[in-house]
Visitor: 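Pasting a structure below so you can have a look.
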Amino acid sequence: MDHTESRDGTDEPTDDTRTTPEPESAPASGPTPDPDSASQPGPTPAPVRTSEPESVSGSASGPAPASGPTPEPESASDPAPQPAPGRQPQPAPVSAKKRRRPWVRRVRRAVLVLALVLIVPLVAVETALRVNYMGDPADGTYTRDRDAMWLGHAWVDGRKKDADVTALAGRLEDTGVRDLYVHTGPLEHDGTLPRSVYPRARWFIDAVHRELPGVRVQAFLGDVLANGGPEGLELSDAATRAEVVRSAGQVLDTGYEGVHLDLEPLHSGDGHYLDLLDDLRELTKGRDAQLSVAAHQIDPLPHLHSVAGLVADHPKWWSQEFFGQVARRVDQIAVMSYDTARLFESTYGGYVAQQTSLALEVTPPTTHLLMGLPFYYESNPSHWGHAETVGAAVRGARLGLSRTDPDRELFGLAPYIDFAATETNWREFKDGWVR
C-alpha cells in the first residue's frame, strides 16, 4: 500500500531582510564630515550584516544633516520587495526531503524483489511448459486398448436403467476403455461402507458384462482425509485402515473385479497410506482382483511439495519418489492430471507432457499407468476450461510417452467423468488417441 507523507506549511516565515543599527549621533563639537569624501572614514560605524555581504557602489549623494541620525546608505539597486506580513508557505526543509528518500528506495526495492521472486519464475515456468508442448508425438503413440474411465454414482444407486447401459456401450465401442471405475462409496470416516449406498451394483456389473464383454468394473471408493479439515478418515488409526480393507472385501464379494481407491488430500510421504496399500494388495491378489488408485500430480520442480507446504496446509503435489513407492504397490495408478491452474492450452499440454514423463520414470513396467483427462468444463482459478482441454491433454500425454518410453505397453488415458462429458470431449479423445 502506498503511503504519502504530508508536510505542515504553517511555520512562520523567516525574516530575511538586513538589519543595520542606527549610527551614533554626531558629537556636539568637532568637524562636520566631508560630504564629498565617501572613502574617508566618518564617525558612523560600519553596518553590521546578518546575511550575505552587500557591496556599495558610488558615494553619498549629499552632506549629512547637522543634527539627527545619519541616513542608511542606499545600494545601487532598489531593495527587493518584502513579503507581505502573515504566514507564507515555505519550501520543504532539505532535511525533510532527505528523510523521504530512504522510504522511496525501500518501496522500489520491495517492488523489484517481488518481481524477481514471483513474476520472473512464473514467466520462466510458463515458457518452459510452452516449449515442452512443441514437437510432434512419435508414431504409434496411440491407445494400447488399456484405457479406463471414471463413472458417477448414479450407475449403482438405482437411477440408471438398461437403456443407459446400452448408450454407454455405444460411447465406449471402438475405444480402448477396458476398466470402469464406478463410484460406489463414499466410505464412512471410520472406513466402513454401508451396503445401502450401492443397491444396484450387481445389476450394473452384469449389464456391463453383457453389453461390453472384456470390460472390468472396479469399485471406486473414496473419502476426505482428516488432514483436509476438521473431519475425515484418519489413516493413522489402525482400526480405520482395517475397516477400509474389510469394505474392499465387501465390494469384491458383490462382484466387482477390482478396488479403486481415491483418498484426498493425501500428503506426500504418508507411510500410513503405504501400509494400507500393502494390506489391500494382499486382499486383492488373493481374490485375483485389481488394486488401482487415483494419484496426485508429481512435483513439477524438485521438492515443490515441501515449498508449497509452507504456504498451504495441504500441498497439491507428491514427490516423484513417493509416487514411485505407491506405483510399486498397485496394479494400476491413474494420475489426476487436471485442475492445474494453467492459463493457456499450450502450457496445460506441456504440463501433462511433463507429468507423463515424470510418472513413467518411476512407474515399474509391470504397473499400468494412466493419465487423467478432464471430461468436464469449469472456469475457476484452479481449472480454466479454455486451457484444460481434452485435446491438449491427449497431445501432452503422447509427447511425454514419446520422449520417455514410447514402447510402454501398460499405458493408457482415463477420462473423468462420464456425467459431465461434452460432445467436444468425446470427439477430441477419439480423434487424438483412438486409431
Side-chain angles (χ1 to χ4, degrees), residues 143 146-161 164-173 175-187 197-198 200-201 204-205 207-208 211-212 215-224 251 256 258-266 290 292-297 332-340 348 352 355 368-380 382-394 396-397 412-430 432-434:
T143 183
R146 296 181 181 275
D147 304 315
M149 186 170 192
W150 281 282
L151 301 181
H153 196 78
W155 293 101
V156 296
D157 67 3
R159 283 177 283 172
K160 297 291 188 179
K161 308 301 179 185
D164 298 307
V165 178
T166 301
L168 176 65
R171 281 290 192 187
L172 299 180
E173 187 178 7
T175 70
V177 174
R178 295 295 179 268
D179 283 281
L180 298 177
Y181 306 141
V182 58
H183 189 258
T184 308
L187 295 167
V197 300
Y198 57 98
R200 296 270 285 169
F204 178 67
I205 295 168
V208 169
E211 298 283 349
L212 292 166
V215 173
R216 290 180 297 205
V217 183
Q218 300 190 40
F220 169 12
L221 304 179
D223 194 16
V224 175
V251 295
Y256 284 103
V259 176
H260 179 78
L261 195 62
D262 178 23
L263 301 176
E264 302 180 46
L266 184 63
Q290 295 287 297
S292 60
V293 294
H296 287 21
Q297 297 159 27
Q332 298 177 336
I333 184 167
V335 184
M336 296 180 286
S337 42
Y338 35 77
D339 295 344
T340 66
Y348 172 61
V352 174
Q355 288 292 308
H368 184 185
L369 174 65
L370 299 122
M371 302 303 295
L373 303 179
F375 264 44
Y376 60 96
Y377 186 95
E378 292 179 357
S379 282
N380 54 59
S382 66
H383 180 104
W384 299 109
H386 66 274
E388 294 198 20
T389 65
V390 171
V394 169
L413 302 182
Y416 178 90
I417 188 167
D418 69 300
F419 59 78
T422 66
E423 291 299 327
T424 300
N425 297 152
W426 283 108
R427 184 181 67 253
E428 292 180 350
F429 171 58
K430 291 183 177 181
W433 183 242
V434 180

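The basis for the numbers below is simple: all heavy atoms, side chains too, and nothing from hydrogens, waters or symmetry mates.
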Visitor: Return yes if a side-chain donor-acceptor contact under 3.5 Å exists between W150 and D262, otherwise no.
Guide: no
Visitor: Using side-chain heavy atoms (C-beta onward) and a distance below 4.5 Å, is L212 in contact with L172?
Guide: yes
Visitor: Do F220 and L151 come close enough that some side-chain heavy atom pair is under 4.5 Å?
Guide: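 Side-chain contact under 4.5 Å: no.
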Visitor: How many angstroms lie between CG in L413 and CG in L370, if you round to the nearest 0.5 Å?
Guide: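 Rounded to the nearest 0.5 Å, the CG-CG separation comes out at 7.5 Å.
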Visitor: Evaluate the side-chain proximity of V394 to E428: yes if any heavy-atom separation is below 4.5 Å, no if none is.
Guide: no
Visitor: Rounded to the nearest 0.5 Å, what separation is found between the CG atom of D418 and the CH2 atom of W155?
Guide: 6.5 Å
Visitor: Check the orientation of Y338 and Y416. Use parallel for under 30°, tilted for 30 to 60°, and perpendicular for over 60°.
Guide: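 Answer is parallel, since the angle falls under 30°.
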Visitor: What pair of heavy atoms forms the shortest contact from E211 to A169, and how long is it?
Guide: CB-CB, 3.8 Å
Visitor: Determine, stepwise, if the pair V156 / V182 fulfils side chain to side chain contact (heavy atoms under 4.5 Å, CB included).
Guide: CA-CA 8 Å; V156 296; V182 58; 3.9 Å; yes
Visitor: Does the plane of the ring in F429 sit parallel, tilted or perpendicular to the ring in W426? Use 30° and 60° as the thresholds.
Guide: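 Because their plane-to-plane angle is over 60°, the rings of F429 and W426 count as perpendicular.
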Visitor: Using only atom types and a distance under 3.5 Å, with no angle test, would you say the side chain of E388 pairs donor to acceptor with the backbone of T340?
Guide: yes
Visitor: Over all heavy atoms of both residues, which pair between Y376 and A420 is shortest? Give the atoms and the distance, please.
Guide: CB-CB, 3.6 Å
Visitor: Using side-chain heavy atoms (C-beta onward) and a distance below 4.5 Å, is V335 in contact with L369?
Guide: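 SC-SC contact between V335 and L369 confirmed.
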Visitor: Okay, side chain of D339, backbone of H383: is any donor-acceptor separation there less than 3.5 Å?
Guide: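 Not confirmed, D339 side chain does not pair with H383 backbone.
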Visitor: Test R200 against K160 for side chain to side chain contact (heavy atoms under 4.5 Å, CB included), laying out the working first.
Guide: CA-CA 9 Å; R200 296 270 285 169; K160 297 291 188 179; over 6 Å; no
Visitor: If you round to the nearest 0.5 Å, how far is CG of N425 from CD1 of I417?
Guide: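 If I round to the nearest 0.5 Å, the distance is 12.5 Å.
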Visitor: Please report the shortest heavy-atom distance between S337 and G372, naming the atom on each side.
Guide: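 Distance-wise, the nearest heavy atoms are OG-O, 2.8 Å.
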Visitor: Checking side chain to side chain donor-acceptor pair (under 3.5 Å) between D179 and each of R216, H368, Q290, H260, which is the one that passes?
Guide: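 Of the listed options, the one satisfying the test is R216.
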Visitor: Side chains of R159 and H153: does their closest heavy-atom pair fall under 4.5 Å?
Guide: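 Yes, close enough: below the 4.5 Å cut-off.
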Visitor: Considering all heavy atoms of both residues, which atom of S292 and which atom of Q218 are nearest to each other, and what is their separation?
Guide: OG-OE1, 2.8 Å
Visitor: Begin with the C-alpha distance, continue with both residues' side-chain angles, and end with the deciding distance and a verdict on side chain to side chain contact (heavy atoms under 4.5 Å, CB included) for Y377 and T424.
Guide: CA-CA 10 Å; Y377 186 95; T424 300; over 6 Å; no
Visitor: Side-chain contact test, heavy atoms from C-beta onward, threshold under 4.5 Å: evaluate it for Y348 versus P374 and give yes or no.
Guide: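 Contact flag for Y348/P374 side chains = yes.
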Visitor: In Å, rounded to the nearest 0.5 Å, how long is the span from CG of D157 to NE2 of H183?
Guide: 10.5 Å
Visitor: What pair of heavy atoms forms the shortest contact from A387 to A392, and how long is it?
Guide: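 So the two residues come closest at O-CB, 4.3 Å.
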Visitor: Are T143 and T175 close enough, and set up right, to give a side chain to side chain contact (heavy atoms under 4.5 Å, CB included), and what steps lead you there?
Guide: CA-CA 8 Å; T143 183; T175 70; over 6 Å; no
Visitor: Side chains of T184 and Y256 only: does a donor on one sit below 3.5 Å from an acceptor on the other?
Guide: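 Indeed, the side chains of T184 and Y256 share at least one donor-acceptor pair under 3.5 Å.
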